[in-house]
*Asks:* 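Quick one: the structure is below, questions incoming.
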Amino acid sequence: MSELTPGANAALPSGDLSVLIRHGVIPGAEIDVSAFLVTGTGKVRSDADMCFYGQPSVAGGAVALAGTSGGETRFTVAPGRIPAGVEKVVFTATIHENRAPFSRVPEIGLEVGGISGRIPCAGMTETALILAELYQRNGAWKVRVVGQGFNGGLAKLAPHLGVEVAEPAPAPAPPPPKPTPAPPKAEPAPAPRVEAAPPPKPVSLTKVTLTKSGASSRISLDKSAGGVVRVTATWIDNGDRRSDNDDLDLRAGILMPDGSMHWLAASHPGGLTASPFARHMGDVRSATRDAPGTEIIEVDAGISHKLGGPVGLVFSIYSAISNGPVSIASLKPTMTVEYRGNVIRCEYSFPDGKAAKGVYTYVIATILVDRDELDVKLSGLTSARGSENTPWITRNGSDLNVTFDGAPVFKKGRTMLARMLGAGTRKYANV
Amino acid sequence: MALSLSKGQNLSLSKTDPGLKNILIGLGWDARATDGQDFDLDASVFLLAESGKVRSDADFIFYNQLQSGCGSVVHTGDNRTGEGDGDDESVKVDLAMVPTDVQRIAITVTIDKAEEKRQSFGQVSNAFIRIVNEATGAEVVRYDLSEDYSTETAMVFGEVYRHNGEWKFKAIGQGYAGGLKAMCHQYGINI
């Protein structure tokens with residue numbers, strides 16, 4: 001089987017396809033591979049036709065980003081389920097923040113339906129490449145290797161494919177002081193006025209990684225688009241060959257505009273249709289090397305409007321007592337905050353080893369939602385050794401201050417112990 | 001609506017447009033939308049005798065020799081990037097003036113410095129050839145090559161040829177490696 005070079009095309013077998021792209025790695029520069037479903041004009045119908053890290057499954061799963069690891073990205077494509085009107089699936093590779101040109105990898109390989117292709121990258125100045133396209137010809141699907149792109153990266157590539165890209169957010173900086181919000185009215189709020197909805201803001205492709213305590217980044221929420229902010233905590237198997245001690249819990253304290261704190265955990269899942277407008281998606285009890293443990297909290301993007309003021313959230317990871325003396329740090333917990341293509345990764349390296357012994361709660365980050373602005377700030381604080389106290393937040397303007405004097409909260413059945421321990425003095429409104 | 005041919009099909013120009021005397025052969029392709037070196041495509045025309053070869057170098061019309069020795073074929077000039085609407089390069093032919101021992105007029109397009117720039121026709125989008133009646137401006141026939149090429153660097157787009165006393169057009173879409181040089185060898189030009 002000969003290899004396709006840029007410009008060459010070949011017919012694909014019928015049926016579902018797996019698309020493997022071997023792009024390699026560039027130290028210090030992340031390569032993102034995406035797929036765009038385009039019409040005969042070469043443009044997407046809407047932002048919903050972009051399959052990328054912020055939207056891994058599109059067109060009802062017809063095209064899905066199956067995973068990235070070790071310099072390879074895999075997609076699944078079900079040509080039979082691709083919506084009518086979509087004529088091509090365009091695969092692209094972009095280098096995050098244009099940190100390097102594609103000449104830094106020797107070549108990019110492609111495998112689909114038993115056909116392989118190769119794009120030599122020597123001398124390339126591009127930071128965004130159209131790798132290949134799957135396209136319909138006389139009712140059958142074919143693949144063409146392209147290997148052309150843009151020096152200006154994703155910001156230049158996206159409009160070419162009909163996607164408007166929001167300007168990347170400026171480098172993380174301390175948020176400016178916010179005006180004091182109007183005091184809540186004593187009388188019942190008037191019925192919301194129906195306003196002409198402004199057009200939704202374009203999907204942003206900003207991706208930020210926070211690694212230093214205190215580092216922060218902002219996401220602008222889109223009032224007209226609504227939706228949820230998804231907070232995902234992930235941890236790995238700690239590699240000690242035991243599967244019974246990898247049980248971490250993602251928990252959150254929600255500081256309401258009235259100053260009260262609301263507890264959110266698998267045992268107190270909350271809800272999106274009423275206060276607190278945030279919900280815990282359920283408990284996951286162990287991690288393996290192939291399937292990291294993941295717990296998710298969803299927050300209504302309109303939470304601040306719905307609760308009538310700024311809302312603070314503190315996200316922490318708690319090690320279940322059944323884990324025994326395992327250190328949370330050894331499970332390398334990280335957290336991502338995602339909203340409409342914006343991705344903020346929180347990757348604080350918690351200290352492991354002796355210092356971590358007997359530490360049950362790690363605070364990954366705080367989030368302040370004030371109307372349409374969401375600020376994520378990396379924390380890295382840990383509870384005192386042996387303390388079951390929960391992290392508590394107080395707000396001073398746009399600053400959230402974390403202290404470890406919240407009352408302990410245990411899973412169902414441990415309330416007696418909680419009462420006995422009762423060291424934390426501050427009580428949650430819903431526990 | 002002009003007729004559109006697929007690869008290998010032919011059409012009688014004389015029957016389709018009986019008044020046809022002077023034709024304009026329009027060739028087009030889209031400028032590259034991406035960054036990188038422009039695709040510089042060059043149209044060349046070879047006047048071929050019965051043997052399938054040129055009678056002399058004067059039968060080779062290209063960017064450095066814009067008119068055939070006989071004066072019947074005129075190349076309107078080189079477009080270096082493919083920018084602009086419509087035809088990117090065009091060639092005018094006065095059919096009555098074409099010497100009687102010229103059987104076929106081969107219209108070819110090659111990519112300049114293709115190997116050096118690592119370019120091929122598969123990277124060029126929406127290439128076409130069309131025949132227009134110069135007097136009326138009406139398009140007589142068109143052939144879109146988009147799916148008939150791949151990694152070639154030289155393509156015969158089409159041929160205008162004599163058949164039983166009439167002029168016909170054939171959609172060829174045959175590609176070669178080796179660019180203009182290979183094309184010249186094919187048709188008997190020594191360079």
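So that the names make sense, note that chain A is the first sequence line, chain B the second, and so on, each numbered from 1.
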*Asks:* Looking only at heavy atoms, what is the nearest atom pair of A8(A) and S150(B), with distance?
*Replies:*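 Answer, listing the atom of A8(A) first, then S150(B): CA-OG, 3.1 Å.
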*Asks:* Near K168(B) NZ, under 6.0 Å, is it more than 12 heavy atoms from other residues, nucleotides or ligands?
*Replies:*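 Yes - once you tally the heavy atoms of other residues, nucleotides and ligands closer than 6.0 Å, there are more than 12.
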*Asks:* Using modelled atom types only, decide if a donor and an acceptor are shared between the side chain of D35(B) and the backbone of G149(A) within a distance under 3.5 Å.
*Replies:* no
*Asks:* Counting only heavy atoms from other residues, nucleotides and ligands, does the tally under 6.0 Å from CD of Q67(B) exceed 12?
*Replies:* yes
*Asks:* Report the residues that fulfil side chain to side chain contact (heavy atoms under 4.5 Å, CB included) with T136(B), sequence neighbours left out, ordered by chain and then residue number.
*Replies:* N133(B), A138(B)
*Asks:* Crowded around K92(B) NZ? As in, over 12 foreign heavy atoms under 6.0 Å?
*Replies:*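 Not more than 12 within 6.0 Å, no.
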*Asks:* Please identify, among K142(A), R137(A), R144(A), K156(A), the residue contributing the most non-hydrogen atom pairs under 4.5 Å to chain B.
*Replies:* R137(A)
*Asks:* Is Y149(B) in contact with chain A via its backbone, its side chain, both, or neither, using a 4.5 Å heavy-atom distance?
*Replies:* backbone
*Asks:* Counting a contact as any heavy-atom pair under 4.5 Å apart, which residues of residues 121-134 of chain A contact chain B?
*Replies:* A122(A), E126(A), I130(A)
*Asks:* Which residues pass the side chain to side chain contact (heavy atoms under 4.5 Å, CB included) test with Q37(B), sequence neighbours left out?
*Replies:*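 Partners of Q37(B) by the side chain to side chain contact (heavy atoms under 4.5 Å, CB included) criterion, ordered by chain and then number, come out as K117(B), Q119(B).
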*Asks:* Less than 4.5 Å apart, any side-chain heavy atom of P6(A) and any of R118(B)?
*Replies:*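 Result no, sub-4.5 Å side-chain heavy-atom pair not found.
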*Asks:* Can you list the residues of residues 63-87 of chain A that sit under 4.5 Å from chain B, counting heavy atoms only?
*Replies:* none
